[in-house]
Protein chains: 2
Amino acid sequence: MAVKEMYEKYLEKISEVSLFQGIKRLDIEAMLNCLKPIVGHYKRSDYIVNGGDKYESIGIVLKGSATVSKENAAGNRSVMTLLKQGDIFGEIVAFSSVMTWPATVQAQEACEVLFLPRGKIIGDCERMCSWHRIFIQNFLRIISERAILLNKKVEYLTIKSIRAKICAYLLDQSKKIGSEKIVLPLNRNELADFLNVSRPSMSREMGKLRDEGVIDFHLTAVEILDFQALKNNMSE
Amino acid sequence: MAVKEMYEKYLEKISEVSLFQGIKRLDIEAMLNCLKPIVGHYKRSDYIVNGGDKYESIGIVLKGSATVSKENAAGNRSVMTLLKQGDIFGEIVAFSSVMTWPATVQAQEACEVLFLPRGKIIGDCERMCSWHRIFIQNFLRIISERAILLNKKVEYLTIKSIRAKICAYLLDQSKKIGSEKIVLPLNRNELADFLNVSRPSMSREMGKLRDEGVIDFHLTAVEILDFQALKNNMSE
DNA sequence: CTAAGTCGGTATCTGAGGATACAGAATATG
DNA sequence: CATATTCTGTATCCTCAGATACCGACTTAG
């Protein structure tokens with residue numbers, strides 16, 4: 001079967017993408033037949049999509065890595081996310097009325113990218129194939145989680161003082177893993193970036209918290225010594 | 001028909017909700033039959049849902065208005081959104097793995113709220129009824145647009161200087177309506193809040209921009225005099 | 001082993017912006 | 001029309017956090 005051959009070599013990778021989670025291999029073949037995706041190959045530094053280009057499909061990184069960047073009206077570009085194998089991009093505008101790519105995606109290493117036409121995702125086929133329901137459910141889950149993440153980010157960014165940001169972040173992390181001993185998933189630079197503050201200022205504040213006996217830390221290992229103090233500091 | 005009678009008085013309002021956009025009145029009746037929503041009535045100040053409660057349904061405000069608020073670990077609450085008639089809440093967690101309400105919703109005036117069970121939205125019915133496709137499409141659109149909005153908010157919040165925030169905001173507004181004369185949709189307090197800065201500081205900066213001849217303004221009426229200068233200021 | 005690069009902690013200096021206060025303009029209320 | 005209230009612009013003061021620089025600890029490559 002032509003289709004099978006066409007996508008055969010991608011099947012392995014595709015089946016690992018979260019969008020296809022819970023769908024049987026055989027069904028995925030049927031889906032590809034129905035969705036008619038396109039596979040693109042890119043060299044390092046190639047532009048995969050350009051901000052402002054016509055938007056037609058969501059993208060899935062099958063191999064390699066890429067950066068998502070956006071430039072403001074003044075013309076300086078800033079990297080928003082790093083895409084790795086299995087990551088999806090363009091999914092939040094797929095069902096909006098936005099008709100152009102809101103950001104630029106550029107290959108960081110050689111990439112293979114699968115494009116699914118936006119219109120095909122809901123499915124034209126009258127008989128809503130069984131896999132289609134799972135697929136849509138996955139899609140909704142992914143986009144929801146993205147929104148939740150964004151919400152969280154807005155929360156952190158809205159906090160005024162560096163001290164309060166750190167306290168909020170540490171509390172969240174600690175709650176997430178259920179322990180007062182945390183291993184930060186980010187290094188100082190990345191964390192400072194995430195909280196939108198400068199690294200030295202953050203280090204200074206962390207030092208103060210340590211001096212006050214609220215936390216202790218060495219590199220990415222952080223221990224919360226005084227939960228109450230952390231909570232008190234969150235609000236200021 | 002029992003169902004028809006049950007929902008009859010809400011039908012008018014429900015059909016105006018964006019989630020049901022493009023679905024015929026008759027189909028909506030069928031949907032309600034299938035979705036089995038619950039209608040709740042609340043007095044002013046009643047809690048509609050409490051943060052931390054078990055999450056089971058998305059909510060739609062049929063009548064009245066309500067506030068969405070969240071409290072941080074320290075215990076102070078901050079209002080995140082104001083819900084009006086036709087607004088939806090809880091939609092971003094509906095398809096995530098989150099099992100509890102992430103925020104508290106409280107009636108600001110007497111409210112009627114429709115709750116749609118999260119599980120019913122994708123639809124169990126094998127024969128994916130025609131309206132169901134449109135419904136899911138609407139749902140995806142709504143959640144996408146929410147994510148886009150959040151993205152935009154993150155962009156503004158990430159900008160460091162007040163001046164750059166103002167410039168970015170004014171440029172966006174101007175682009176949106178396609179004119180250099182803008183009537184701000186927010187008063188000074190609200191705008192300062194939105195940009196996460198203090199009102200006097202914002203006014204000070206706007207004053208400077210006026211002194212420099214970049215903009216002119218009187219209350220909510222703003223005119224951009226020098227687009228180039230605005231763009232230059234965005235990046236700093 | 002040396003050299004170069006990265007990462008984290010710390011000190012100094014400076015300025016952007018927050019808090020507060022107040023007055024005049026605009027709007028609402030009787 | 002008079003009064004009250006909300007909204008906006010502006011000045012003063014002062015703190016928090018950014019920029020920069022430097023050092024020591026590790027890591028990697030040659």
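Heavy atoms only: backbone and side chains are in, while hydrogens, waters and symmetry mates are out. Since we're looking at a predicted model, the values are computed, not measured. Throughout, protein chains are lettered first and strands after them, A, B, ... in sequence-line order, and every chain is numbered starting at 1.
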Are Asn232(A) and Gln228(A) linked by a side-chain donor-acceptor pair shorter than 3.5 Å?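 Their side chains do contain a donor-acceptor pair, which is all the 3.5 Å distance test asks for.
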Could you tell me if Glu109(A) and Ser65(A) have a donor-acceptor pair between their side chains, going purely by distance under 3.5 Å?
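On atom types as modelled, these side chains qualify, holding a pair under 3.5 Å.
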Just how far, in rounded Å, is [atom2] of [N] from [atom1] of [X]?
X	N	atom1	atom2	answer
Asp211(A)	dA11(C)	CG	C1'	14 Å
Leu191(A)	dC7(C)	CG	P	14 Å
Met206(A)	dC7(C)	CE	C1'	14 Å
Asp193(B)	dG18(C)	CG	P	12 Å
Lys208(A)	dG9(C)	NZ	C1'	14 Å
Ile166(A)	dC16(D)	CD1	P	14 Å
Met202(A)	dC7(C)	CE	C1'	12 Å
Leu209(A)	dC16(D)	CG	P	14 Å

Does [X] put a side-chain nitrogen or oxygen below 4.0 Å from OP1 or OP2 of [N]?
X	N	value
Arg188(B)	dG9(D)	yes
Arg204(A)	dA19(D)	no
Arg163(A)	dT15(D)	no

*When the nearest nucleotide of DNA chain D is assigned to Asn189(B) and to Arg199(A) on a heavy-atom basis, which residue is associated with the more 5' position?*
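Its nearest nucleotide lies further toward 5', so the answer is Asn189(B).
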Considering residues, nucleotides and ligands other than Ile38(A), do more than 12 of their heavy atoms fall under 6.0 Å from its CD1?
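Not buried by this count: 12 neighbours or fewer within 6.0 Å.
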- Would you jot down, in residue-number order, the residues of residues 213-220 of chain B having a non-hydrogen atom under 4.0 Å from DNA chain D?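 Within this stretch, Phe217(B), Leu219(B) sit under 4.0 Å of the strand.
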Task: Side-chain donor/acceptor of Ser201(B) to base of dG18(C), under 3.5 Å - done: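 For Ser201(B), whose side chain was compared with the base of dG18(C), there is a donor-acceptor pair (under 3.5 Å).
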Does Gly51(A) offer a backbone N or O that forms a donor-acceptor pair with the side chain of Thr104(A) under 3.5 Å?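 Present.
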For this session: Answer yes or no: is there a donor N or O on one side and an acceptor on the other, between the side chain of Glu180(A) and the main chain of Glu223(A), under 3.5 Å?
Result: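 The answer is no, because no donor-acceptor pair under 3.5 Å joins these two groups.
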So Lys13(B) and Glu16(B), salt bridge (Lys or Arg N to Asp or Glu O under 4.0 Å) or not? Walk me through it.
CA-CA 5 Å; Lys13(B) 285 171 192 159; Glu16(B) 285 164 10; over 6 Å; no
- Task: Determine the interplanar angle of the Phe115(A) and Tyr42(A) rings, folded into 0 to 90°, and report it as parallel if under 30°, tilted if 30 to 60°, perpendicular if over 60°.
- Result: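 Perpendicular.
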Kindly point out which of [options] is positioned nearest to the side chain of [X]?
X	options	value
Glu205(A)	dG9(D), dG18(C), dA17(D)	dA17(D)
Asn187(A)	dT10(C), dT20(C), dC7(C)	dC7(C)
Ser203(A)	dG17(C), dG18(D), dG9(C)	dG9(C)

